[in-house]
Peer 1: 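One structure coming up, written as structure tokens, with questions to follow.
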Amino acid sequence: MLASVICLCSLRATPSGKWLRIFGIACLICSWLLLFVRAYEPVPRLVGYGLIVLAIGFRPQKWANCAWLLYGLFSLALGITNGIRVNSLGSNDPRYAQLAAEFGHYYVSSDVVATNSFHILDLHANIASVPVASYAEAEPYKRFFWVTLPNFDAVADSVVKMPPPANGWCEERKFSGGVLFRRCN
């Protein structure tokens, strides 16, 4: 953080970067205005381009060259560590694929399945599913696939944590990482 603060303090505006600063600020203002139009989250993935263009409109002073080099090395090390240690496969994680394949070998119906996972059955087993976050949302469906695997992504929620179904649902089959329930008669 100290290296980033030193680097930011070393930036100075240049005449040649005027339009880049204008474009960067315009992008940030438009991102802010979108908040009034509809549900929108100005996350770095979306507003980052405006920040990059804004930063390119400035130049560091010569005394900060070592600080920028140090900041670059810290960022590179952090990026490599993050890439190695943090799983970002989301719904494409092999453990979800294995669970969906196991489920697909058993399930032969064409009925839509309610589930607490985000489309891992659609993605890996070509079985129509509807993600739900509560059992009230699962009421219209005959089957509920309760995925017990954890989220394997630091950002996306591939699985919603829910307790096992209670009244009205009977266990049909257990899988390694999930349980299929059906409506009790």
Side-chain angles (χ1 to χ4, degrees), residues 1 4 27-28 30-32 34-52 72-185:
M1 289 299 287
S4 64
C27 183
L28 294 175
C30 289
S31 297
W32 176 73
L34 276 176
L35 292 169
F36 298 104
V37 177
R38 63 180 304 185
Y40 166 75
E41 292 183 35
V43 294
R45 288 181 182 173
L46 300 177
V47 298
Y49 296 109
L51 293 171
I52 290 171
L73 290 173
F74 282 148
S75 297
L76 179 64
L78 182 63
I80 290 171
T81 303
N82 189 37
I84 292 171
R85 299 194 71 208
V86 177
N87 184 346
S88 60
L89 295 175
S91 296
N92 288 317
D93 191 280
R95 294 165 280 200
Y96 293 142
Q98 182 181 3
L99 174 62
E102 186 180 342
F103 182 86
H105 290 303
Y106 170 77
Y107 191 73
V108 292
S109 175
S110 62
D111 291 341
V112 176
V113 178
T115 180
N116 64 325
S117 67
F118 188 74
H119 296 294
I120 63 171
L121 296 177
D122 303 74
L123 182 66
H124 298 290
N126 201 22
I127 297 171
S129 68
V130 174
V132 298
S134 69
Y135 291 109
E137 295 177 42
E139 284 298 319
Y141 302 97
K142 296 176 186 174
R143 291 205 165 68
F144 176 77
F145 186 50
W146 181 49
V147 176
T148 57
L149 292 174
N151 277 319
F152 294 120
D153 194 321
V155 178
D157 290 331
S158 299
V159 177
V160 175
K161 287 191 177 196
M162 294 174 66
N167 299 341
W169 295 99
C170 296
E171 186 177 308
E172 184 175 327
R173 173 133 185 202
K174 282 188 178 183
F175 300 92
S176 57
V179 181
L180 177 63
F181 290 90
R182 62 175 163 69
R183 289 271 174 210
C184 296
N185 293 333

Peer 1: Report the distance from atom OG1 of T115 to atom CZ of F144, rounding to the nearest 0.5 Å.
Peer 2: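 Spacing of OG1 (T115) from CZ (F144) equals 6.0 Å.
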Peer 1: Which atom names give the shortest non-hydrogen contact between S176 and E102, and what distance separates them?
Peer 2: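 Of all heavy-atom pairs spanning S176 and E102, the closest is OG-OE1, 2.8 Å.
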Peer 1: What is the minimum heavy-atom distance between S117 and P131, and which atoms define it?
Peer 2: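 Scanning both residues completely, I find the closest heavy atoms to be O-CB, 3.4 Å.
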Peer 1: Which heavy atom of A114 sits nearest a heavy atom of A138, and at what distance?
Peer 2: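 Looking at all heavy atoms of both residues, the shortest contact is CB-CB, 4.0 Å.
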Peer 1: Shortest non-hydrogen contact from L28 to V47?
Peer 2: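 L28 and V47 have their closest heavy atoms at CD2-O, 4.0 Å.
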Peer 1: Which label fits F36 and W32: parallel for a plane angle under 30°, tilted from 30 to 60°, or perpendicular past 60°?
Peer 2: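 Ring orientation of F36 relative to W32: perpendicular.
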Peer 1: Looking only at heavy atoms, which two atoms of A128 and D122 are closest? And how far apart?
Peer 2: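 For A128 versus D122, the nearest heavy atoms are CA-OD2, 3.5 Å.
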Peer 1: Show me the pairs that pass salt bridge (charged side-chain N to carboxylate O under 4.0 Å, His left out) and involve residues 131-142, at least two apart or across chains.
Peer 2: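 Counting only pairs at least two positions apart or across chains, the salt bridge (charged side-chain N to carboxylate O under 4.0 Å, His left out) contacts touching residues 131-142 are D111-K142, E139-R183.
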Peer 1: Kindly compute the distance separating CG (D93) from CD1 (I120), expressed to the nearest 0.5 Å.
Peer 2: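 Here the rounded value is 9.5 Å.
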Peer 1: What about the rings of F145 and F175, do their centers lie closer together than 6.0 Å?
Peer 2: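 Under 6.0 Å, so yes.
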Peer 1: Quick one: NZ on K161 to CG on N116, what's the gap to the nearest 0.5 Å?
Peer 2: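 Here the interatomic distance stands at 11.0 Å.
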Peer 1: As an exercise, state the distance from CG of L78 to CG of L73, rounded to the nearest 0.5 Å.
Peer 2: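 These two atoms lie 12.5 Å from each other.
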Peer 1: Can you confirm whether more than 12 heavy atoms, excluding those of F118, are under 6.0 Å from its CZ atom?
Peer 2: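 For F118, atom CZ is not crowded (no more than 12 foreign heavy atoms under 6.0 Å).
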Peer 1: Counting heavy atoms not belonging to Q98, are there more than 12 under 6.0 Å from its CD?
Peer 2: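 Check fails, neighbour count at 12 or below.
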Peer 1: Given 3.5 Å as the limit, does a donor-acceptor pair link the side chain of H124 with the main chain of P94, or not?
Peer 2: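 Answer holds: no.
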Peer 1: Mark yes when over 12 heavy atoms from residues, nucleotides or ligands other than F152 sit less than 6.0 Å from its CZ; otherwise mark no.
Peer 2: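 Yes, enclosed.
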Peer 1: Tell me every residue that passes ring-ring contact (aromatic ring centres under 6.0 Å, His included) with Y141, counting only those two or more places apart in sequence or in another chain.
Peer 2: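 Applying ring-ring contact (aromatic ring centres under 6.0 Å, His included) to Y141 gives none.
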Peer 1: Heavy-atom distance under 4.5 Å between the side chains of L149 and Y96, does that happen here?
Peer 2: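 Yes; the side chains approach each other to less than 4.5 Å.
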Peer 1: Once rounded to the nearest 0.5 Å, what's the spacing between atom CD1 of I80 and atom OG of S75?
Peer 2: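 OG of S75 is found 11.0 Å from CD1 of I80.
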Peer 1: Is there side-chain contact between V147 and S158, with heavy atoms separated by less than 4.5 Å?
Peer 2: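 Contact flag for V147/S158 side chains = no.
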Peer 1: What is the distance from atom CH2 of W169 to atom CZ of R143, rounded to the nearest 0.5 Å?
Peer 2: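 Rounded to the nearest 0.5 Å, the CH2-CZ separation comes out at 9.5 Å.
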